[in-house]
Amino acid sequence: MTPPPAVFHSLLRPAVLQILRAAGYHGAKPSVLDSMTDLAARYLYHLCELTARYTEHNSSENMTPTVVDIRMALQHAGALLPERPEVEQVFWDEEDVRGMDEFQSWAASGVNKEIKRIALDGDDEATDYLMALKKKHSKNDDDSKYVGTLLGKPIEQGDIPVEGGPYFTIYDWETQLKQSSERPPTPPDAESSQTQRDGGSQGGDSRPPSSGLSSLGDRSIADEMDLS
């Protein structure tokens, strides 16, 4: 995994601080905090990769992940423990859901609520800490100064045509490539008949006419040549 850009590292750093504070920590060295942030980024990136992989295998039409894809990614990453091996679950014909039950209990526990309280800083209307932070530093609810930045809404610029083709999105371009690859090849009989038609239009002989420079006519190559 390549090092993340500084802006993403800076956005994830407060979330790690809030989790540590909810766990009872009141201070940490910058190097330790950066290491924890890097570990969190790697773990989230790994979960996203697994979710995309399971989504690709389970969905044949679109690439929208479902709850099943996310659960399979969490199981693969070892987040839903304890869990008996799959062989034992098949043998006993019973699915082990202890890890999923514990995950749901943690999500509804006081620990998770404390993390949310610290992140939102007592603002129940905010959905994440960035929104709470913007509302705290803004005199009104107008966030127009964040438009076009990472913290605000994007600027509506319309569709930008891709150079070299009439496709406005990567999805349209990818769909066109798939359709071109799935197009059946031309059968050999059709190619031979097309060649015969092309040759017939030229008088029945598809060979190019001779220039006459190398033609010997009725003479044999063994005949003596008159050099006088």
Please table the atom pairs, donor to acceptor, closer than 3.5 Å between any side-chain atom in residues 86-94 and protein atoms at least two apart or in another chain.
unit_1, atom_1, unit_2, atom_2, d
Q89, OE1, D96, N, 3.2
Q89, NE2, R84, O, 2.8

Q) Can you name the closest pair of heavy atoms from M63 and A52 and give their distance? A) CE-O, 3.9 Å
Q.
Check this for me, if you would: do R53 and E49 make a salt bridge, where the nitrogen-to-carboxylate-oxygen distance has to be below 4.0 angstrom?
A. no
Q | Closest approach of V16 to A40 (non-hydrogen atoms, all atoms of both residues) | A | CG2-CB, 4.2 Å
Q) What heavy-atom pair brings D69 and T64 nearest, and what distance separates the two atoms? A) OD2-O, 4.3 Å
Q. Can you tell me how far the OG1 atom of T37 sits from the CG atom of L17, to the nearest 0.5 Å?
A. 7.0 Å
Q) Between R98 and E83, is any pair of side-chain heavy atoms under 4.5 Å apart? A) no
Q: Under the side-chain hydrogen bond (donor to acceptor under 3.5 Å, both in side chains) rule, collect the residues that match up with E95, sequence neighbours excluded.
A: R71
Q. Got a sec, which pairs hit side chain to side chain donor-acceptor pair (under 3.5 Å) with one end in residues 102-111, sequence neighbours left out?
A. none
Q) Linking I/L/V/M/F/W/Y whenever any side-chain heavy atoms sit under 4.5 Å apart, do Y43 and V32 land together? A) no
Q. Are L12 and L33 grouped together when hydrophobic residues (ILVMFWY) are joined by side-chain heavy atoms under 4.5 angstrom apart?
A. yes
Q: Would you mind listing every salt bridge (charged side-chain N to carboxylate O under 4.0 Å, His left out) that reaches into residues 9-34, with sequence neighbours excluded?
A: R13-D34
Q | Qualifying residues under side-chain hydrogen bond (donor to acceptor under 3.5 Å, both in side chains), relative to E114, sequence neighbours excluded | A | R117
Q) Quick one: side chain to side chain contact (heavy atoms under 4.5 Å, CB included) partners of L74, sequence neighbours excluded? A) L47, I70, A79, L80, F103
Q.
Could you check whether atom OH of Y25 has more than 12 heavy atoms from other residues, nucleotides or ligands sitting under 6.0 Å from it?
A. no
Q: Could you tell me the separation between the OG1 atom of T55 and the CG atom of L50, rounded to the nearest 0.5 Å?
A: 10.5 Å
Q.
Rounded at 0.5 Å granularity, tell me how far CG in L177 sits from CG in D172.
A. 11.0 Å
Q: Look up atom CG in L20 and atom NE2 in H26, then write down how far apart they are to the nearest 0.5 Å.
A: 11.5 Å
Q.
Would you say that more than 12 heavy atoms from the other residues, nucleotides or ligands in this model lie under 6.0 Å from the CE of M36, or not?
A. no
